[in-house]
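Each chain gets a letter, A, B and so on, in the order its sequence line appears, and its residues count up from 1.
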Number of protein chains: 2
Amino acid sequence: MSSDAPGFELPLRLLLAFRVLIDELHDELARQGHPDLRPMHGFVMQAIGPRGTTAVELGRMLGVSKQAAGKTIDTLERLGYVERTTDSHDTRRKITRLTPYGMDALTRSARIFDDLRARWADELGEDRLHALEADLRRLTPDGLWRLDTPGWFGSL
Amino acid sequence: MSSDAPGFELPLRLLLAFRVLIDELHDELARQGHPDLRPMHGFVMQAIGPRGTTAVELGRMLGVSKQAAGKTIDTLERLGYVERTTDSHDTRRKITRLTPYGMDALTRSARIFDDLRARWADELGEDRLHALEADLRRLTPDGLWRLDTPGWFGSL
DNA sequence: CCATATAGTCAATCAGGTTGTCTAACATGT
DNA sequence: ACATGTTAGACAACCTGATTGACTATATGG
């Protein structure tokens, strides 16, 4: 029993492992022509998706207000990752879509994540990594994105 | 090969697993008399430790400026988790120490994390959880705290 | 046709981070 | 002993990303 790890190690390691992956992703993305991309941009662009979305929808998905979602879109627009187009069926709506540059970032991210997973598979063995993924799936809810992580973690 | 999980699932699951633990910790802490405690408070108090620390030291440990560390201490002081005392050997320094209320939060957190780990051990089996911890240890650097997660993740 | 609901924007505010500057106190070398 | 350099903390100005509230324009449904 005394050989069990203390309970506080688990969350620390989970967070650290996440950071390792994300940091290495962005190191590589910077090398591949996306030096300005930040951790949460990938999440936001993933939420926008290939079909585009609106500020209100994005806010719901990210768990933030539509105004905050709008500001995030402003930033991504300024960086050239997304563009706003008007919905011809509802002129109130402005559909935010990924630009080719944004799509490029997403496809490169997917590729890099696959490479990083392969490195972990080399390190642990494919069977152990597979088990790790299966265990994490059992321990985490499905389908939930919860992209409000910055505010969630930081709010004092 | 095609049965391998896509690379992007791993970071998502790691972050989600972290959130599950932290959210359940704070649900329980709220029930046990610490409703105002936020995710990063625990990390900061852990960094302060039983012997206390100064704003400069805390800033170094957390990877933020001494001013930011000072503001964080202000917040924890306002909530009653820490108090500032002067160092008799160096009157420039103000040692920030945990109050009994702060110590209580830390000991309860440790206990709750142990309980959560036990629940995961029930879910997966102790051997699988042990393997998961061992694998995460292999994949993450040791000794590093890096508490700048909010800014790190959020900065657009 | 009017009442209500929704999309987006603007403005004010807040929290937490940054850098720069300043003062007080320690540490050191001549 | 003292002049110099370094360190701790506080204060101010500013930046970013979030919030709520108010407002306009456009749909939508009775």
Side-chain angles (χ1 to χ4, degrees), chain A residues 36-45 47-48 51-79 81-97 145-156, chain B residues 36-45 47-48 51-79 81-97 145-156:
Chain A
D36 295 326
L37 213 56
R38 295 271 150 257
M40 83 164 307
H41 293 163
F43 285 71
V44 174
M45 289 197 289
I48 291 171
R51 311 188 29 190
T53 188
T54 67
V56 169
E57 267 179 24
L58 188 61
R60 282 192 216 285
M61 285 188 281
L62 267 52
V64 298
S65 65
K66 62 180 181 178
Q67 293 92 332
K71 288 189 192 182
T72 302
I73 292 172
D74 288 343
T75 304
L76 287 174
E77 193 174 28
R78 185 170 44 76
L79 291 174
Y81 288 107
V82 304
E83 58 191 357
R84 284 183 166 101
T85 61
T86 54
D87 184 343
S88 53
H89 297 295
D90 183 343
T91 59
R92 290 172 307 175
R93 291 158 50 95
K94 295 189 179 174
I95 314 287
T96 296
R97 288 202 174 76
W145 274 81
R146 303 299 294 151
L147 267 282
D148 54 343
T149 304
W152 162 78
F153 192 80
S155 66
L156 286 175
Chain B
D36 295 326
L37 212 58
R38 296 271 149 257
M40 82 164 307
H41 293 163
F43 285 72
V44 174
M45 288 196 291
I48 291 171
R51 313 189 26 193
T53 188
T54 68
V56 169
E57 268 179 23
L58 187 62
R60 282 192 215 285
M61 285 189 280
L62 268 52
V64 299
S65 66
K66 62 180 180 178
Q67 292 90 336
K71 288 189 190 180
T72 302
I73 292 172
D74 288 343
T75 304
L76 287 174
E77 193 175 26
R78 186 171 42 78
L79 290 173
Y81 288 107
V82 304
E83 58 192 356
R84 283 181 167 101
T85 62
T86 54
D87 184 343
S88 53
H89 297 295
D90 184 343
T91 59
R92 291 172 307 175
R93 289 158 50 94
K94 294 190 180 173
I95 315 287
T96 296
R97 288 202 174 76
W145 275 80
R146 304 298 293 151
L147 268 281
D148 54 342
T149 303
W152 162 79
F153 191 80
S155 67
L156 285 175

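- Here the P atom of nucleotide D:dA18 and the CZ atom of B:Arg38 are 17 Å apart, to the nearest Å.
- Applying the side-chain hydrogen bond (donor to acceptor under 3.5 Å, both in side chains) criterion to B:Arg97, with sequence neighbours excluded, gives B:Thr85.
- Atoms CG (A:Asp74) and P (C:dA11) sit 13 Å apart, rounded to a whole Å.
- A search for side-chain hydrogen bond (donor to acceptor under 3.5 Å, both in side chains) contacts involving A:Glu77 returns A:Arg84, not counting sequence neighbours.
- The distance between atom CZ of B:Arg84 and atom P of D:dG9, rounded to the nearest whole Å, is 9 Å.
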Could you encode protein contacts along nucleotides 19-30 of chain D as a string, one character per nucleotide from 5' to 3', using B for base contact, S for sugar-phosphate-only contact and - for no contact, with a heavy-atom cut-off of under 4.0 Å? BBB---BBS---
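- Judged as a side-chain contact (heavy atoms from CB on, under 4.5 Å), and not counting sequence neighbours, B:Thr91 has no contacts.
- Under the side-chain hydrogen bond (donor to acceptor under 3.5 Å, both in side chains) criterion, B:Glu57 pairs with B:Thr53, not counting sequence neighbours.
- One interatomic measurement links the two molecules: CE of B:Met40 to P of C:dA15, which rounds to 16 Å at whole-angstrom precision.
- Taking atom CG of B:Leu62 as the reference point, atom C1' of C:dG17 lies 12 Å away to the nearest angstrom.
- As a whole-Å value, the separation of B:Ile73 CD1 from D:dC11 P is 14 Å.
- For the OP1/OP2 pair of D:dT16 and a distance below 4.0 Å, the side-chain nitrogens and oxygens of A:Thr75 include no atom meeting the criterion.
- Dashed line: the shortest gap from a side-chain N or O of A:Thr72 to OP1 or OP2 of D:dA18 is under 4.0 Å.
- Rounded to the nearest 0.5 angstrom, A:Leu37 CG and A:Tyr81 OH are separated by 4.0 Å.
- Every side-chain hydrogen bond (donor to acceptor under 3.5 Å, both in side chains) that A:Arg92 has, sequence neighbours left out, goes to A:Asp90.
- Nucleotide C:dA15 holds its C1' atom 14 Å from the CG atom of B:Leu76, rounded to whole Å.
- Across the protein-nucleic acid pair, A:Leu58 atom CG and C:dG8 atom C1' stand 13 Å apart, rounded to whole Å.
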